[in-house]
Amino acid sequence: MRVKDMPVADQPRERLLASGAVALADRELLALLLGSGSRGVSAVELASRVIQHCGDLGELGRAEAHRLLAVPGVGPAKAARISAAFHLVRRAQTQPERVRVTSSSDLAHAVAPLLHGHARERLVVVVCDAGGSILRRAVVSEGDSDHTPAPIRDIITTVLTSGGAAFGLAHNHPSGSLDPSPSDLAVTAHLHLAAETVGLRLLDHLVVTDTAWRRIDA
């Protein structure tokens, strides 16, 4: 039976969207990569033949595209698609673990490349997931030598749209002073409240110079 002739609720794509990839068998997941079967053979059956040809899923993952061309019904496009998918998985598995922010020192290290050596004040937000892994680093404002705006709404929006659960904030003082201004203290207090209102956590707000950093306690 062709996949498109199956009841909609039984089709691999619809089941994946409804229940997640874990609900599908190996051959069904592979069928989605294939996209279609061949003459008289459904995509699911063709996927079974591809896995059988390689021996198991592990061997399939290591197979070069030209090896898959030996399976009747698998042309260059299908072979390349399968090879590319498994290669992406291997690349993802070799990516270094995301840097985590577990302390003020971690935050200071994360923002240093965006703040050190700048003659103007900049405000940087570091967006983290619930475990502290960094999802994004962004400059949210840049001002003059002794002041930069701190747009609270923009900061919170940046965190939310990045899928963050927590965030750290830091800005530089080109003068070299680590003393927070009254404005720095007020912004920190307002951000704590704004974060709590939308279910976020403000990890820290730092003043950073080229040689040192200091926490702002609000």
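Fair warning: this is a prediction, and the values are worked out from it, not measured in the lab.
For the pair R137 (side chain) and V126 (backbone), a donor-acceptor distance under 3.5 Å is absent. Put simply, the side chain of R100 gets close to the backbone of G131: a donor and an acceptor are under 3.5 Å apart. No donor-acceptor distance shorter than 3.5 angstrom exists from the side chain of S162 to the backbone of G164, with no hydrogens or angles considered. The backbone N or O of A25 lies less than 3.5 Å from a partner atom in the side chain of E28, making a donor-acceptor pair. The backbone N or O of S141 lies less than 3.5 Å from no partner atom in the side chain of H171, so there is not a single donor-acceptor pair.
Each of I155, N172, V187 was evaluated against L123; a single residue qualifies, I155, per the side-chain contact (heavy atoms from CB on, under 4.5 Å) test.
Here the CG-CG distance, from L200 to L191, works out to 10.5 Å after rounding to the nearest 0.5 Å. With rounding to the nearest 0.5 angstrom, the CD atom of E14 is 11.0 Å from the OG atom of S19.
Of all heavy-atom pairs between L46 and G73, the closest is CD2-O, 3.7 Å. The minimum heavy-atom distance between P180 and I216, with the atom names listed, is CB-CG1, 4.0 Å. Counting all heavy atoms, side chain and backbone alike, F167 lies closest to A195 at CE2-CB, 3.8 Å. Taking every heavy atom of both residues into account, A47 and R27 meet most closely at CB-O, 3.1 Å.
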N/O donor to acceptor pairs below 3.5 angstrom from side-chain atoms of residues 56-65, sequence neighbours left out:
residue, atom, partner, partner atom, Å
D56, OD1, G58, N, 3.1
D56, OD1, E59, N, 2.7
E59, OE2, R62, NH2, 2.9

Could you pull out every donor-acceptor pair under 3.5 Å between side chains of residues 109-119 and any protein atom, sequence neighbours left out?
residue, atom, partner, partner atom, Å
H116, NE2, T209, O, 3.2
H118, NE2, R122, NH1, 3.0

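Around atom CZ of R201, no more than 12 heavy atoms belonging to other residues, nucleotides or ligands sit under 6.0 Å away.
Counting heavy atoms from C-beta on, the side chains of V74 and R49 never come closer than 4.5 Å.
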(request) Give the C-alpha distance, both sets of side-chain angles, the deciding distance and a yes or no for side-chain contact (heavy atoms from CB on, under 4.5 Å) between V140 and D154. (result) CA-CA 8 Å; V140 291; D154 290 350; 5.7 Å; no
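In this view, T157 satisfies the side chain to side chain donor-acceptor pair (under 3.5 Å) rule with no residue, not counting sequence neighbours.
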